[in-house]
Amino acid sequence: MANIHVTLPGGKALEVRSGLKIQELASSQGVNSNIIAAKVDGVAVDLDRALSQDCSLNWIPMNSPEGLDILRHSTAHLMAQAVQSLFPGTQVTIGPTIEDGFYYDFKRDKSFTPEEIEKIKSRMRDLAALNLKVIREEMARESAIQLFRRLGEEYKVAILQEIPEEQVSLYRQGDWVDLCRGPHVPSTGVIRAFELTGVAGAYWRGNEENEMLQRIYGTSWATEEALREHLTLLEEAKKRDHRRLGRELDLFSFHPLAPASPFFHPKGAFVYNQLISYMRDLYGRYGYQEVVTPQIFDVELWRRSGHYDHFRENMYFTRVEEREFGVKPMNCPGHTFIYASKKRSYRDLPLRYADFGRLHRFEKSGVTAGLTRVRSFSQDDAHIFCAPDQIGAEMASLLKMLRVVYQTFQFSEMQVRLSTRPEHFLGSLEVWQRAEESLAQSLKSEGIDYQVNPGDGAFYGPKIDFVVLDALRRGWQLATIQLDFSMPERFDLTYVTPAGTEARPVMIHRAILGSIERFMGILIEHCAGALPLWLAPVQVRVMTVTDQQKEYAQSVFEELGAGGWRVELDGRNEKLGYKIREAQVEKIPYAVVIGDREVKDQTISPRRRGGESLKPMAVRELVEVLKAEVVQALGENR
RNA sequence: GCCACCCUAGCUCAGUCGGUAGAGCAACUGAUUCGUAAUCAGUAGGUCGCCGGUUCGAAUCCGGCGGGUGGCUCCA
């Protein structure tokens, strides 16, 4: 038998007989038992694979990202095997891995009850305990189709019929078989630390028109400890869920009679308005002008803007005096009226109209969520009307502003997506190309990494979206920048060029925070409710040790208040520890303690939210500390 | 909108087999004058989401509706 040359990790070369299984090689090399697959010339394969030619070999340990991916995929198989053994007649469809876990979609008339999930889990444990060998098998596509047809697996047949390859691979464990590319763990025994985390309905192939399948979510880890850690992390994430914090910190609430529409309580409203005023300050420096526009327009406007055709499902309508009106879901059409209210010159451009107007969008009942998806909200919205050759400069300025904002809020992790021309589009290819290039160019020159989302642009122009993750790692779009050549056309907007001819301006739709509601929700989670000093509804709480210090505490309270600080006085007859705890739970940035010592020395003892006690100081010294903290956070903004 | 689950005091949650509801925290009252995350005692608080059905009797079983949660689809 011929020999082949295998290069091991670290460069060690080995001559072995052809046909040697990787598993055997591993044993002979004394590689630790923690590996669950290998890479041959960079391609992940099963340990059961036989080596047939010269190659380089790398091990995939269970605890590596690739190893975990394989483990999870195998866990999905284990689950499917358990499900089919418990519930004959249930068909398998697809079962991919996802971040930290996996799911498998089943076709079954009934959905899975919590009790059934328990049964599935314990059957999985039984099957794992049998340590069934996981065997790869290759066969012609046609034979596979016949096999799955015989098994009554219509979905697998459908999948197979769309696979281009003539040769497909199957994986068997015990009497169970699934179509799969692999690789997989060598045997079910290595699957130990898993949990089934949820059930949900999901449409076949993600299409609403298709039948609904039963999806089971799960997670799987290399060790019990890692699994527990993961589950603990999920629990922790729930604690920073903005819906919980919003109630606990008395920021906002909801009422069944106004579903998906937040009520901002005094403290929440303060934060809300503070966010707006932060943006207003920036507007002053970036050449924006704020406008105020109507809430309700004759549907004629929405017909002209295209919303009536493309956005009607998401709009609220009202009929009075035989006239139909639509409540605005966006500000843009209103802004075109201000633009068109007089003759515009190239000298006027760019015009930047900002609008914090309230928007209403009807969202289907199943899609709303806390502050992140609501039916009533406002945006830090603006529309920039400019000449086509001004797009580049506007984008640059916009991206700079965006960076300033996200730096202020310390959002460093976010995905940027450039969405390009969709299938159905307005305008010429040339204009689109230019627009897409200028967006890409702007991102590059600002040094912003981005992904291209081909075909995901708006029908009127390409866009850049900024997506951040919430506490439960769900993505939410905050900022959006869209180039629009269509609205100026529809509203017949023009400006007079230097040559005296009329030209069409371009509209840039943009929001940096996105919706104030969503931004606030994400921000609350981002800082776990501990809002930065400049945003905190209450910045300082002055508290007495006993009521002997009430008078002095009152004067400290007044002095801070007179200086414009948001301060509260806690002069209740409670122990200091109790007051400290309350301030801490309310996440107030500074607690100021006043006891006999402070009265005597005319000082105060501040304590930071994090637990750090500052040394006793004069009120004016604390003010310096506070000021420095605000400047640190906002730079020269304030 | 679709699938599943949940809804008991302001909040977090008990409530067994169907026999008309309970705790902790919060609130209120009183006592306590206290030094950096919870002082003690007492009082009050509920149309068990809403409507209907089954039953001698429903928080509990069944149906409908509303709201919420996790997904899917949508949105972007």
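Below, chain A is the first sequence line, B the second, and so on; all start at residue 1.
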What is the separation between atom [atom1] on [X] and atom [atom2] on [N], rounded to the nearest whole Å?
X        : N     : atom1 : atom2 : value
A/Glu211 : B/C2  : CD    : P     : 17 Å
A/Asn314 : B/C75 : CG    : C1'   : 7 Å
A/Gln214 : B/G71 : CD    : P     : 16 Å
A/Lys364 : B/G71 : NZ    : C1'   : 15 Å
A/Lys575 : B/A31 : NZ    : P     : 18 Å
A/Ile580 : B/C34 : CD1   : C1'   : 13 Å
A/Glu363 : B/G67 : CD    : P     : 15 Å
A/Phe252 : B/G10 : CZ    : C1'   : 17 Å

Given the structure, check if the side chain of [X] and the base of [N] hold any donor-acceptor pair shorter than 3.5 Å.
X        : N     : value
A/Glu598 : B/G35 : yes
A/Arg373 : B/C74 : yes
A/Tyr203 : B/G1  : yes

*Show your working on side chain to side chain donor-acceptor pair (under 3.5 Å) between A/Glu629 and A/Gln539 and close with a plain yes or no.*
CA-CA 11 Å; A/Glu629 191 170 329; A/Gln539 298 170 304; over 6 Å; no
Does [X] reach a base, just sugar-phosphate, or nothing at all? Heavy atoms under 4.0 Å.
X        : result
A/Ala260 : sugar-phosphate
A/Asp547 : base
A/Arg243 : sugar-phosphate
A/Phe362 : nothing
A/Gly595 : base
A/Ala202 : sugar-phosphate
A/Gly475 : nothing
A/Arg607 : base
A/Gly514 : nothing
A/Arg247 : sugar-phosphate
A/Arg474 : sugar-phosphate
A/Glu582 : nothing
A/Asp456 : nothing
A/Lys579 : nothing

When you compare [N] with [M], how far apart are their [atom1] atoms, in angstrom units rounded to a whole number?
N     : M     : atom1 : value
B/U36 : B/G22 : P     : 40 Å
B/G71 : B/U29 : P     : 44 Å
B/C13 : B/A4  : P     : 24 Å
B/G49 : B/A14 : P     : 14 Å
B/A9  : B/C5  : C1'   : 24 Å
B/G63 : B/C25 : C1'   : 37 Å
B/U16 : B/C74 : C1'   : 44 Å
B/G1  : B/A58 : P     : 32 Å

Taking pairing as Watson-Crick or G-U wobble with both contacts under 3.5 Å, can you name the mate of [N], or confirm there isn't one?
N     : result
B/G18 : none
B/U43 : B/A27
B/G63 : B/C51
B/A58 : none
B/A9  : none

_A/Arg108: which of A/Gln84, A/Glu116, A/Gln91, A/Gln214 passes side-chain hydrogen bond (donor to acceptor under 3.5 Å, both in side chains)_ =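 Only one option passes, and that is A/Glu116.
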*asked:* My understanding is that only one of A/Arg243, A/Arg244, A/Lys238 makes a side-chain hydrogen bond (donor to acceptor under 3.5 Å, both in side chains) with A/Asp241; could you say which?
replied: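 That would be A/Arg243.
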Using 30° and 60° as the class boundaries, would you call the ring planes of [X] and [Y] parallel, tilted or perpendicular?
X        : Y        : answer
A/His335 : A/Tyr353 : perpendicular
A/Phe409 : A/Phe411 : tilted
A/Tyr272 : A/Phe264 : tilted

So if I take every side-chain heavy atom of [X] and compare against [options], which nucleotide ends up nearest?
X        : options             : result
A/Thr546 : B/U33, B/G35, B/G71 : B/U33
A/Ser365 : B/G35, B/G1, B/G71  : B/G1
A/Ser605 : B/G68, B/U73, B/U36 : B/U36
A/Asn573 : B/C74, B/U36, B/U32 : B/U32
A/Gln548 : B/C34, B/A4, B/U33  : B/U33
A/Leu576 : B/G71, B/G67, B/G35 : B/G35
A/Val367 : B/C72, B/A37, B/A4  : B/C72
A/Glu208 : B/C72, B/U36, B/G1  : B/G1

*Any A/Tyr103 side-chain N or O less than 4.0 Å from OP1/OP2 of B/C3*: no
*Let me see the working for A/Asp355 and A/Thr293 under side chain to side chain donor-acceptor pair (under 3.5 Å), right down to the final yes or no.*
CA-CA 8 Å; A/Asp355 195 334; A/Thr293 54; 2.7 Å; yes
*Taking atom OG of A/Ser365 and atom CZ of A/Arg375, what is their separation to the nearest 0.5 Å?*
6.5 Å
_Please report the interatomic distance CD(A/Glu99) to OG1(A/Thr219), rounded to the nearest 0.5 Å._
10.0 Å
*For RNA chain B, whose closest nucleotide is more 5', that of A/Ala200 or that of A/Pro256?*
A/Pro256
*Under 6.0 Å between ring centres, would you say that holds for A/Tyr308 and A/Phe317?*
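Yes - the distance between ring centres of A/Tyr308 and A/Phe317 falls below the 6.0 Å cut-off.
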